[in-house]
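What you see is a predicted model, and the numbers here were worked out from it, not measured in a lab. The chains referred to below are lettered A, B, ... by the order of the sequence lines, with proteins before strands, and numbering in each begins at 1.
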Amino acid sequence: MGQKEQAANALLDFDLLSRLIVGIGEVSEITGVPQRKIRYWEEKGIIQPVKEVEGTTRRYDYINIKKILLIQELLNDGYTLDAAAKKVEDRMENINKVFLELAKKTKTR
DNA sequence: GTTCTCACA
DNA sequence: TGTGAGAA
C-alpha cells in the first residue's frame, strides 16, 4: 500500500472514529463494563456522555469509550475509582497538550 | 431499547 | 464501589 492510500485510510478512520456515537448498551457490550456501572461513574462526574439533541438517552463518543476502558484497566490494577479517574484525566490532558504543541509547530503540507 | 430511584452489601 | 429490581 502506498503512502497516499495510507494517508487516505488514516483520514477515513479518523472521520469514522470521530463520528462514532453509540448508546450505553453497545458501549457496555464492547467494553464489558455493566451499564449500571457506567451510569454510576457518570453520577460521580467521572465521565460525560454527550446528550442527544432530541431525547434523554446517553450517547458515547470514542473518547468516552476510551476513558471507560482505561479506567476499568486501572481499577483492575487496584486503583480506587477516584485515583483511576484522576490518572486518566491527567494522561488525556497531557496527550492533548503535546498534540496541540505539535499542531502549532507543524506547517501545512 | 433507555431512564430513574430506592434499597442493599 | 457497585448491584438488583421495579416502574415508567
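Taking 4.5 Å as the limit, every side-chain heavy atom of A:Lys66 sits out of range of all side-chain heavy atoms of A:Leu69. In this structure, the side chains of A:Gln35 and A:Arg39 come closer than 4.5 Å at one or more pairs of heavy atoms.
Remark: A:Gln35, A:Arg36, A:Arg39 in residues 30-47 of chain A come within less than 4.0 Å of DNA chain B through at least one heavy atom.
Under a 4.0 Å N-O distance rule, the pair A:Glu101/A:Lys104 qualifies as a salt bridge. By the 4.0 Å N-to-carboxylate-O rule, A:Asp15 lies close enough to A:Arg19 to be salt-bridged with it.
Around NZ of A:Lys87, the count of heavy atoms belonging to other residues, nucleotides or ligands within 6.0 Å does not exceed 12.
Taking atom CZ of residue A:Arg58 and atom C1' of nucleotide B:dT2, one finds them 9 Å apart after rounding to whole Å. Taking atom CD1 of residue A:Ile24 and atom C1' of nucleotide B:dC4, one finds them 12 Å apart after rounding to whole Å.
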